[in-house]
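Atoms within each ligand, like the ligands themselves, are counted from 1 in listed order. Sequence positions, counted from 1, serve as the residue numbers for this chain. Remember, predicted model here, so these are calculated numbers, not experimental data.
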Amino acid sequence: MDRKVIIAGNWKMNKTAAEGKALVEALKGLVADVCPSKADIVVCPPFTTIAAVAEAIKGSNIKLGAQNIHWAASGAFTGEIAADMLKELGVEYVIIGHSERRQYFGETDETVNKRVKAALAAGFKPIVCIGEMLEERESGKTEKVLFTQLEGGLAGLTKEDMANVVIAYEPVWAIGTGKTATPELAEETHNFIRMTLNDMFGKEVGEGVRIQYGGSMKAENAKELVAQRNIDGGLIGGAALKADSFAALVHNAIAE
Ligand SMILES: O=C[C@H](O)COP(=O)(O)O
């Protein structure tokens with residue numbers, strides 16, 4: 001099945017509004033030649049930078065994402081963000097359950113699931129992050145960890161919901177370390193994720209779900225990674241923080 005490549009830049013806690021605006025102003029020109037039918041190009045700035053970026057990317061082929069969403073419509077949830085607030089800014093994608101949220105902010109499969117459901121109900125496309133820690137991989141627990149994260153994070157979702165869900169596989173040991181998974185190892189794991197999705201939702205659904213790789217992906221390794229059968233793009237941290245490195249990565253990822 002043909003799945004459209006999706007390259008998303010997760011800016012994490014980087015870029016003021018002015019810096020974010022400057023980045024996308026430069027990026028727009030550098031990726032203007034990328035046909036929207038060929039790839040989805042997404043930037044996910046921090047909340048305070050979204051409005052400025054939304055304005056700057058109007059009329060371009062760059063789409064907007066956020067880095068989190070709360071499950072309640074409003075209320076006493078200090079530090080959180082609601083669906084309406086993101087909708088108003090033109091956000092389309094929402095990253096949910098990033099390993100940094102799980103590691104440092106107590107995110108669990110249960111809260112991931114609540115956020116995913118809220119995102120879908122509001123019409124967003126969730127990018128659901130899963131991935132194992134180094135000691136889990138070394139002790140042979142990778143598949144068990146990923147299975148549990150998929151089962152918990154996607155619990156209760158329908159086949160129709162899955163048409164709007166993107167999975168990001170990010171081995172935690174590869175994030176920001178420069179230690180990319182080899183294309184073979186990444187593909188083996190993506191294939192396991194695909195099989196699990198096929199089991200959970202049926203092959204006709206599972207084969208259509210886009211699975212991004214994340215973890216030290218850069219222009220130099222993007223082509224080989226995305227060439228793998230079950231790798232449909234990337235969730236990019238460090239290399240998304242500069243317009244030229246992100247644009248080069250996008251071009252290499254979709255190069256024939
Ligand atoms: O969300 C992005 C990932 O955590 C990857 O980050 P990185 O490209 O800096 O390794």
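The CD atom of Glu136 sits 12.5 Å away from the CH2 atom of Trp173 when rounded to the nearest 0.5 Å. A distance of 9.0 Å separates CD1 of Ile96 from CD1 of Ile127, quoted to the nearest 0.5 Å. Here the CZ atom belonging to Phe124 is positioned 5.0 Å from the CG atom belonging to Leu86, to the nearest 0.5 angstrom.
In this structure Lys87 satisfies the salt bridge (Lys or Arg N to Asp or Glu O under 4.0 Å) test with no other residue, sequence neighbours excluded. Applying the ring-ring contact (aromatic ring centres under 6.0 Å, His included) test to His190 and every residue at least two apart in sequence or in another chain returns Tyr169. Partners of His70 under the ring-ring contact (aromatic ring centres under 6.0 Å, His included) rule, at least two apart in sequence or in another chain, are Phe77.
Within 4.0 Å of ligand 1, heavy atoms belong to protein residues Asn10, Lys12, His98, Glu170, Ala174, Ile175, Gly176, Gly215, Ser216, Leu235, Ile236, Gly237, Gly238.
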